[in-house]
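Shown next, in structure tokens, is the structure this report addresses.
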Amino acid sequence: MKSDNDTTGRITLEFDDNQVLPLLYGHHNSNLAHIEKELDVRLDSFGNIIQISGQHDNMETARNTLEALYKRMSKTEKTMEASKGMIDDALRLAKSEAPNAMARFANNTGAITSWKKTVTAKSKTQQDYVEAIDRHDVIFGVGPAGTGKTYLAVAKAVEALKARQVERIILSRPAVEAGERLGFLPGDMKEKVDPYLRPLYDALYDMMPSDKMDRMLASGQIEIAPLAFMRGRTLAQAFVIIDEAQNTTPVQMKMVLTRLGDDSKMVITGDLGQVDLPSGQISGLAEAVELLDGVKGIDITTFTGEDVVRHPVVARILTAYDKREQKKKV
């Protein structure tokens, strides 16, 4: 692969492997057209050569995107066209200009392997988060909805169980809305709390065949329970995920953090912008992030609206709400 800036100000890329190029370009050059639209550049392909023209910074972003995609796809079995999602991931990282982010994307560093799929980080912060989970015993993932905090944590938990690094997965979240009224809901205890835990089930079913997950739920290898069920336990040889932790009280947060046993890892996720506790009640997540910042063995990864990996309009919605909150503080 070669890259040059010619005398007309265009960037010329020359690729070596003709097997990769149809998969990179997409059907009828659809991937190139998508990059053109996102970056406001022109991409002209001549066999194994692409010429990039446009505004200088946009051309450099296009160059970095194409080079990273080509390198990453050269490492695969070369049987599947680059998806729109992969193109968007590369564009997001190239626009962020984060050091080493594109290199990690190109080398597919930090890919998470579950029974059903391979999950990869889609932003610089997601890359840092996945690496933090590997390096630390307690990890806080804090930020807005749609940034992949819980999904990546579940993927890492399933990967650890698959590799037999842990004996079980324990997933929990506070059932704040139930509160004192839990007994008025129909059904047994499982049926009462399952609606609050549904997002955790959804993430697990995305990573595992349903029959395997059902067997593991029945055997206790995977446990999904409300936070109150954690009291008095020691969670050893386990990958523990506490979701929606912004809705814990300080007492609950201290309780769950001190449940961690030998050979275990705990990931706590939450969005401090969506606290559902009664007015005036301090969030246990907010207090813990402040108290534990810098403590050995603990990592705090903070996501922003730029890390949202749902529909692009979600990031714009969050930005609009953030602007309104900033105006209120002035």
Side-chain angles (χ1 to χ4, degrees), residues 11 13 15 20-43 45 50 52 54-55 57-76 78-114 116-131 141 143-152 154-155 203 206-207 301 303-320:
I11 294 175
L13 300 178
F15 299 99
V20 174
L21 295 183
L23 308 177
L24 172 60
Y25 291 3
H27 187 59
H28 295 311
N29 287 354
S30 58
N31 289 337
L32 297 185
H34 183 56
I35 295 171
E36 284 181 324
K37 180 179 177 182
E38 289 296 313
L39 296 179
D40 192 22
V41 295
R42 178 169 175 169
L43 304 178
S45 60
I50 293 181
I52 309 171
Q55 195 270 338
D57 289 345
N58 293 351
M59 287 197 298
E60 288 296 332
T61 303
R63 181 218 299 262
N64 293 336
T65 300
L66 289 164
E67 288 179 343
L69 285 165
Y70 175 81
K71 185 173 182 180
R72 178 163 173 162
M73 298 191 70
S74 295
K75 299 175 181 295
T76 68
K78 304 175 186 176
T79 58
M80 188 176 297
E81 182 178 305
S83 66
K84 182 177 180 293
M86 184 187 292
I87 302 295
D88 286 336
D89 294 346
L91 285 165
R92 186 182 299 111
L93 289 167
K95 290 175 183 178
S96 74
E97 298 181 353
N100 304 320
M102 290 306 288
R104 286 189 287 184
F105 172 85
N107 292 311
N108 205 14
T109 304
I112 307 167
T113 305
S114 68
K116 279 180 71 173
K117 66 194 300 186
T118 298
V119 179
T120 57
K122 296 177 179 291
S123 73
K124 164 67 165 54
T125 309
Q126 283 196 359
Q127 290 178 341
D128 293 340
Y129 182 55
V130 169
E131 292 182 2
T147 50
K149 307 181 301 293
T150 302
Y151 192 80
L152 287 171
V154 171
D206 210 23
M207 308 288 172
T301 301
F303 294 83
T304 69
E306 293 181 357
D307 299 301
V308 172
V309 293
R310 292 179 180 169
H311 193 288
V313 76
V314 175
R316 296 193 286 273
I317 290 170
L318 289 169
T319 299

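- Put simply, OG on S30 and CD1 on I87 are 8.5 Å apart, with the number rounded to the nearest 0.5 Å.
- A pairwise comparison of heavy atoms in T61 and A94 identifies CG2-CB, 3.7 Å as the closest pair.
- With rounding to the nearest 0.5 angstrom, the OH atom of Y70 is 6.0 Å from the CG atom of L21.
- Between K95 and E38 the shortest heavy-atom distance is NZ-OE1, 3.8 Å.
- Once rounded to the nearest 0.5 Å, the distance linking CE of M59 with CD1 of I11 reads 4.5 Å.
- Here Q127 contributes atom CD and L152 contributes atom CG; the two are 10.5 Å apart, rounded to the nearest 0.5 Å.
- The main-chain N or O of G143 is found under 3.5 Å from a side-chain atom of K149 such that the two form a donor-acceptor pair.
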**OP:** Could you please spell out the steps behind the salt bridge (Lys or Arg N to Asp or Glu O under 4.0 Å) verdict for K84 and D88?
**Re:** CA-CA 6 Å; K84 182 177 180 293; D88 286 336; 3.1 Å; yes
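- Taking both residues in full, the closest heavy atoms of Y151 and M207 are given as CZ-CE, 3.3 Å, listed atom of the first, atom of the second, then distance.
- The nearest pair of heavy atoms linking M102 to T65 is CE-CA, 4.1 Å.
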Subject >> side chain to side chain contact (heavy atoms under 4.5 Å, CB included) assessment of T147 paired with T125 >> reply: CA-CA 9 Å; T147 50; T125 309; over 6 Å; no
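- The closest side-chain heavy-atom distance from L13 to I52 is below 4.5 Å.
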Original post:
Run the side chain to side chain contact (heavy atoms under 4.5 Å, CB included) check on Q126 and F303 step by step: do they pass?
Top reply: CA-CA 8 Å; Q126 283 196 359; F303 294 83; 3.9 Å; yes
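- In this structure, the side chains of L43 and L66 come closer than 4.5 Å at one or more pairs of heavy atoms.
- Shown here for F15 and I50, the closest heavy-atom pair between the two residues is CE1-CD1, 3.8 Å.
- Counting only distance, with no hydrogens or angles, the side chain of N29 and the backbone of Y25 share no donor-acceptor pair below 3.5 Å.
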**OP:** Output, in order, the C-alpha distance, side-chain angles, deciding distance and verdict of side chain to side chain contact (heavy atoms under 4.5 Å, CB included) for Q55 and L39.
**Re:** CA-CA 9 Å; Q55 195 270 338; L39 296 179; over 6 Å; no
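- Annotation for L23 and N31: closest pair O-ND2, 3.7 Å, computed over non-hydrogen atoms.
- Between the OG atom of S45 and the CG atom of L32 there is a distance of 6.0 Å, given to the nearest 0.5 Å.
- The distance from atom OG1 of T120 to atom CZ of R72, rounded to the nearest 0.5 Å, is 4.5 Å.
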